[in-house]
Each structure stands twice: as C-alpha cells, then as structure tokens.
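To start, the structure itself, in structure tokens.
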Amino acid sequence: CKMKKPAKKKSLADKVNKTKTSSQIKNNPFEVKINRNKFDILGRKSKHDVGLPGVSRSKAINKRKETLLKEFRLKHKSNKFVDRRFGEYDPKMAPEDKILQRFALERQRTQTKKDIYTLNEEEELTHYGQSLAEIEKMTDMVDSDSDSEEKGLLSAELTASNFGGGGLLRKKGGENDEEQNQKLRSRQELIEELILKSKQEKRERQTQKEEAQELTEKLDQEWKSIQSLLAHKTPKGVRKEEPEKPKLDDYDVMVRELGFEMKAQPSEKLKTPEELAKEERERLQSLEADRLRRMLGDVEDNSAQKQSHMSADDLNDGFVLDKEDCKTLSYQDGEWNIIEGREEVEEDEGEEGAEEEEEEEEEEEEEEEESQDGHSDLESDQGSEVEDEEDEGKQEPAEAKKTLSEEERRATQEAAKAELPYTFTAPENFSALKALLDGHTAEEQRLIVERIQKCNHPSLAVGNKAKLEKLFGFLLEYVGELATRTQPELNTLNTLIPQVYALCQLFPGSACTVMQSLLSDGAHSMEESIEGTGRAVFPGLDMLIYLKIIALLFPASDFRHPVTTPAFVYISQALTKCPVTSLESVSAGLVLCCLAVEYVSLSQRFLPELINFLLGLLYLAVPADTCTGNWMVSQFRQQGKASRLLVLSDAEASNSWRMKAIPLTSVHKVTASTNLERDHFRLSVLHTCLDLVKRCTLLYRDLPSYDQIFQPIRTLLAKHVPVQNYPSSLQELHREILEDIPETPSHHPPLVFDKKKPIPLKLLKPKIVQVLDYGKKRGNTKEEKERERLKHKYKNEFKGALRELRKDTRFLAQAKLSDIMSRDAERKRRVKELYGSLATQEGEWKALKKKKRK
C-alpha cells in the first residue's frame, strides 16, 4: 500500500492570504504587519491578526488634506464665495428645472419693487425738482434773479450772451437771434449796452431792498399798536372761575423735592492712621515751638508777621520806608474824613490776626479725637489778660507804652512757663513716668499721657513700638501705686483708664503679657501667704482695680482666654481661701463678687464660689440664737466675734439709713467710727449682697439644678434673717428673691441603668454573589458592570482622541515647514534670476564701453 504524504502544516502566511486584504497585499506585501498571538485560545476569533499601517497612514493623510489642511489655509480669512443660486446644492433637481426656476425668480424680482432705492428705467429721476431727462436735452432758461444777492455782478443772461459759457443750455431760436444782432452791432456798442443793463439791474435791486425794509418797519409799528389789544385781560369779576388744581400727593411732592435736591459731592480722601499720627505730631511740635518762643519773650506783632505786598515795580534793593506817611481819604456823614493810613492798617491787621487765630483754634479742636486739651483754659485766661492789658494800654498816654510792653512780655513768659509742654519723650522707666505725672491734676496727667502717645506713635519711628509697650506696663504700675496710697486718687485712676485702653488696642499682645504677669504675681503671693501663715489675705485695692481693668480690656465671654480665664481662677481662689474676719474683708469680698457677676453676665457661666460666698455673708447677718444649722463654708467663722459681723447693734438704725454706694476705700479701712455709722455700713453691705443674689437668680434661672443651688439661700432668708428690722427697700428685695426661688425644689429621678433586656442586633443572612466572570473584576451588579464598561470605553476613546490630536499637530507642523521651505526656494530662485539679469546688464555695459574706446 502506498503511504500517504504527511499533511502540510499551514503557516501564518497562508492564513493571511485568505483574509479580505489579500488583494492589497499582492500589490505591496511589505506594507503588511502581522500581529502574532502569544497563545491560541479555543473559541476566540482574533480581529487584528493582519494590519496595513502604510495604507491606513496614507488614508489618514489624504483625509487631513481634505479637511484639516483646508481649514488651516482658510484660518483668519473671512472672505469666501458662497453660491446662493437657487437649487445649486439640491442634487434632486434637474438642470432644466433649475434654469426655469431661476428665470421665473428673476422676472418676479424685476416686476415687484421691494427697495425704495432701486433705480429702474420706469421711474422719473429729478434733480432739485427738475427732470433729469429735460436737463439732458441741453436746454436751459435764463434766470437773472439767481444773481440778485450778488452785488456788482452781471446777470447770467448777459454773461452767457456776450462772454460765452452757458450757450449750450440755451434754446436754438434764441441763439439765432443773438447771432444776427451781434453781426449788425460793433463791439463798442455791445460793451456800452452791457454796462447800462448792469447798472439798471443794480438800481432795481437797491429799490426793491429799500421797499422791503420800509414795509418791514411799517409792519412792526402796526404790530405794536395791536399787541396791546391782544394782551388785554378781562377783569377779575368778569373772568370765569378757574377750577382749582388738585393738590399734589405726598409721593409727587417727594419726587419734586428729590429733583431739586443737591447731588452728592465727592468727599476728601480718608487719611490713614499713620498720616493722622504724623499730622498730630507736627501740630504738637509747632505748638511747643510757639510756647518756647513765648517763654523767651520773643513776641511778634501780627503786623510784623503778616507778609507785606510786593509791587511789580519793586527793584528788590532792600529800600523800605520806615513810616507810611500817606493818608487815606474816607467819606463819612457827608464830609471828607482824613485818617492816617498806618493806624487803619494796623487795626485791620489786628482784626485779621484775631480771625486767623480763631480759625486755627477751631481746626485744632476738630482734629482732637477726644476731649479738649487741658491747656485751653490757660490759653484763654492768658489771652484775656493780654487783651485787658492792651485795652488799658490804649487809654494810657504814649509815654507808658514801653513799660506796658515789658509787663506784657513778662506776663506772656510766665504764662508760657505755666503751660504744659506739647511734646514729650517716652519714659524709660517707672520713676521717669512718675516724675512726669506727679504734681499735676488728673486732667493734666491724662493730657501728658495722650501727648506721649501721639509724639511716639509706632508709625513715626522704628523704636516707638517698644517704647509704648513699656509705657503700658509703667502706666499700670502707676495705677496700682495710686490705688495703694493712703488717700487713693480714684478720680485720677478713672481719667487714666481711656489711655490704658488706647495702648491696649495698639499692642494687644504685650498688654496680654503684662496682665498675665500681674495675675501670676498675685496668685504666687497668695500661695506664699497660705504656706507661711496658713491663711490668705484678700487682695488689695490695686489688684481689684487690675481685675476691673481686665474686664474692660479683654472679652470675658470667651470659653478660654489667656487673660480672663486666669482672672476667673484668681477670683475663685480669693473667694474660697481668704477668711472673712473684718468689715474690710467683707468689702473686698463684695467687690470680688461684683466683678465675678460682671464677668459671667454674658456667658452665664456658673461659679459655685460666688453663691457660697453670698450665702456666708447672709449668715453673718443672722443672730446667734436663731440659727443652729451648719450653713457656713470654710472661710467664714462659725463662732466668735467675726461670725456676727453684719448683725445690727441697734434696730433703730434702719430708720435713719439712706442707701449709699460702698466706697472702694473701705477695702483698706472702714471710716465708720460710731455704732450708728457701722450699722449704716452693714445695711449697705446687706443691700448690695441681696442685689447680687437677685442678679444671680436671673442669671442661673435656666439651669436644671437652679432650685437645689438657691434652696439654702431661700431657707436662710425665710427663717433666720431678721428682715423685720431692716428698711423697706431691703424688705422689698427680700420678698422679690423669695418669689424667684421656689419653696420646694423640683425632684429629679436618679440616674440608674435601664433594667430592660438589651435588644440584640439583627442577624442578616449573608449575601452570596455568584462569580461568573473570572479574571479582571467588572462589578457585581448589572449597573456596576455597565458603569465599568462605559469607563473602559471612555478611557479608550480619550486615548484615541489624544493620539489623533498629536497626529494632527504633527501634520500641521509638516505643512507649515513645507510652506516655509517653498517660500525660501522661491525667494532664492528670484534672487538668482535677479543676480543673473544684473550680471548680463553689467556685461553688456562693459562691452558697449569697450566698443566706444575703440
């Protein structure tokens, strides 16, 4: 038997030959790109086994030439031809139909006139009312009136008939007659006739003008005669009553007022703080220079200060008349009055100087931000003294003027020495500031600090910021020193507080640091006294004033603050650890309570130390035999003399008591010497304590534990405090407090765990998802799969778009380069031709020149 030949193994080339692109491969097999698969997978049909990159590239280039290259050529070009003929872009219409339709539209366009500016043959065209067809017939009528306004000129008829021009526009019959007459006459006769006719026409025009003027004057006179008849009005009795005009509404009146209202004018530019500070310093420096000049006795008259007028003929050679001998004339009471010019000038200059001084004073008062300076009174006093002396000097004879001027000079010097300086340097230490302020009144001290701040504003020099930061600390130290004196100067303190506030607004960081150091020093001293003696002392008046200044300078309603939070802690420690052993300590504790209420007035923060201290003060007013319960807190004594500090020694003292504010000096020493005065002081303390309790009830009304907090105070006021011995105002406060606090506190259920069995969590069956497609995860649900498919498709399209954009850019770059190269080649060709023609000309010229030489 014959053995079969082994089956020939099919190669990849055979597989390619069977594809649709076999015809293209036969043309150029080198353009074929075969994509080999790494693995053969059963059931999968490969779509991209064979590729033709050359064919695809050529197709893409041809397509870009048809689209992209044309757009590039037409870029920045707005003119293009668009064929708007009927049916040009309609492939369904036959050429015969297009021609017939276009012909019908053209006839219709000519029949109907759609535009008023269309020039058709059927319309008659005119020029100044004359038909253009008549004008084109070369005929014209001679009109001599057209030159009526031109005096001394010849008429058009004479000019046309004798000097030529215009003859073409005349009629034929007229031309023949004129030619026959000109043949019969000589030239001299024609000229004489021409002159006579021109003079006659001129005379006629003159007479017509005079007649028109006479008629106009006559008409004016007749109009004046009848004008009075036209303007005649009927008397009021005969005149009909005119209907009253309706009154305008409020809206109409307002609209008319707005129409006449003045429009807003542009205001001047607002000055920056730096510019204001600079102007203020310059003003103070000028005032200080003026004060120093007056101290030295250099007083200039207003007449000398005023600049004299310089004439245009002045030679500027220094020649000045010492005396003005000229006299001025004036007319008074019907007679000539001769007054010496110099005296009148001096009076005028004095009045002008006074007006200028008043204007300067008004400007200074407007520029000051706060109250007026303290030196204004001094200046007014000095001004009045100087004016009195001047008035006296006018009455005295001229011999005593020299002595009076010396006295005035001395008075001016003394007044200038008594004034405060206008400029100050910033003090370097506390002793320097104290030396500046001692010996002056409260208003003068405020003025000194204000001028120090204005002369050393941070925007004026580099080191002024550090100087004013130190000044803030020195000023606080001075405030404390004023408070610790034997007679505290509280008015001075109150005057200096605005300056402290202004410095704090300028430098809040340094002010915060200074206040923190003061609070830390106070707390440290309190801890040292507790460690040394076992008890603390209430803070002095200086520390209380510092706490009040903190409430003014910094916000107390913040949850946390670097200054007010330590102040809260300090007040709480003082109310808790400082024992109450005297009326002075009671006063200090009341001041601390007032400060605490002021601190929490906005935030409504609960301070238990405040409530405990007020409860202890009320216990000090209870007699020993009426209260047996333990109401006291640690800082109050339960036995002894200090436990009954607010008990009245005489019940009749309430009849003569009048409500007065507790002075701050009572923190150091209570000035009451007799028992009656002490009882009055106790009643004032109790009134303040009850007022604080009432304010606390209003503050903490919304707390859930309000009833439990104020229940001890209610029990003490209702059962133990002897209110019947107090004045009516205290009894009224007592009654209002009892009304605000309920008798029985509300009961709240205790906090316990719920006894119910806890509800178990829901146990759900696990969700089992069958994985059908392995490999790359495309999502579990149908929506997720669709979303993933769209994302994949978007990604592919985005990559394809980027690829096409890069190809378009490359194609345009090649087109631009080819254009540049073609332009360069054309330019080189033309230059070469030019050089060739020039060389030919040069050769011909040299040959011609050589030929001539021969």
Task: Pair Y599-F568, ring pair (Phe, Tyr, Trp, His ring centres under 6.0 Å): steps then yes or no - done: CA-CA 8 Å; Y599 275 41; F568 269 118; 5.3 Å; yes
Open item on the list: Using a 6.0 Å cut-off, check whether atom CE of M254 has over 12 heavy atoms from anything other than its own residue.
Closed with: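 Counting neighbours around CE of M254, 12 or fewer heavy atoms of other residues, nucleotides or ligands fall under 6.0 Å, so no.
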Open item on the list: With a 6.0 Å cut-off (strictly less than), is the heavy-atom count around CG of D250, excluding the residue itself, greater than 12?
Closed with: no
Is [Y] paired with [X] through a side-chain N to carboxylate O contact shorter than 4.0 Å?
{"X": "E66", "Y": "K70", "value": "yes"}
{"X": "E450", "Y": "K454", "value": "yes"}
{"X": "D824", "Y": "R829", "value": "no"}
{"X": "E280", "Y": "R283", "value": "yes"}
{"X": "K467", "Y": "E428", "value": "no"}
{"X": "E844", "Y": "K849", "value": "no"}
{"X": "E833", "Y": "R830", "value": "no"}
{"X": "R789", "Y": "E786", "value": "yes"}

- [ ] Test side-chain contact (heavy atoms from CB on, under 4.5 Å) on R102 and E88 and set out the steps.
- [x] CA-CA 10 Å; R102 289 172 185 173; E88 182 64 26; 3.0 Å; yes
Open item on the list: Looking at Y570 and L547, would you say the former's side chain and the latter's main chain have a donor-acceptor pair under 3.5 Å?
Closed with: no
